[in-house]
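Working notes, structure below.
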Amino acid sequence: MPEPTFERIRYDVPAERVARITLVRQETRNAQDYRMLHELDEAFQRATLDDDIRVIVLAADGPHFSSGHDLGNTATGADFEPRNMTGGYLQPGQAGGMANEEEFYLGMCWRWRNIPKPTIAQVQGKVIAGGLMLVWPCDLIVASEDASFADPTVALAVNGHEYHTHLWEVGARKAKEMLFRGHALTARECESLGMINHVVAREDLENFTLELAGEIAERPAFGLKLAKMSVNQGLEAQGQLNALHTAFALHQTGHANARAVFDGLPVDPSGIEVMRKLSKK
Ligand code: ZN
């Protein structure tokens, strides 16, 4: 396979059988444009197809893991080789909006969630809205003490970000409060809710994550695959994929309503100030 060239991420193998994918847009707090998501998908595929790799770490440069979707993104699915057989990226109105979000958000997150190898998110600083869509599809999450997690997108008159697994990540009541208030949950809170496996000091984050990845990478690849599939199938037996599709459809309704009502903008202007305040906390 030819070596892909990456602008938004870095791919390395920092330990035996461990691949690491690192977001390298720290000047934008690792905001995700479509190029970054496309590169992430290519990198995950590369690690998945490499039989010498058993565990994949997703990390980020800079003080913050990710500020979410890059609101300055001007690309569409038509600018990249499609990964999910969606099409229709240039259609007007919500038809195009939905097609692009199927391709880059729901489609890619679900692909990453189903990678047949353990994935570990290594998280520091703020994780906001779309940032959660990178962390939650991973199997394990290691966070530094300064990490915080928020989905303030109800301020935009939608139901939350597009990979709507909040219920499974923090439980139903906390999921509702997280969405209603848009406030940030601390790493320790998320650990107590079962969303995070380990909280460590910032200076120990990288080494702790690599040691954990290295330990898991010594175990048989096929056993790891079967263990992961068994837990994931349990989530699907609970209706996770069905619920995701329903939430995604409601999300598109929210966008369509906002476009129709708020001067043609895809956002509720009253929510912008709320979003700003929350992201500064
Ligand atoms: Zn959306």
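Computed from a predicted structure; not experimentally measured. First listed ligand is number 1; within each ligand, the first listed atom is number 1.
- Taking 2.8 Å as the criterion, His251 counts as a coordinating residue of the Zn ion (ligand 1), since one of its N, O or S atoms falls below it.
- With no hydrogens or angles considered, a side-chain donor-acceptor pair links His255 and Glu101 at under 3.5 Å.
- For the pair Arg46 and Tyr11, the cation sits on the ring face: its NZ or CZ lies under 6.0 Å from the ring centre, inside 45° of the axis.
- Taking the N/O/S atoms of Glu162 in turn, the shortest distance to the Zn ion (ligand 1) belongs to OE2.
- Restricting Glu101 to its N/O/S atoms, the shortest distance to the Zn ion (ligand 1) is reached by OE2.
- Taking the ring centroids of Trp136 and His161, they lie under the 6.0 Å cut-off.
- At least one N/O/S atom of His255, from backbone or side chain, sits under 2.8 Å from the Zn ion (ligand 1).
- A distance of 7.0 Å separates OG in Ser148 from CD1 in Ile128, rounded to the nearest 0.5 Å.
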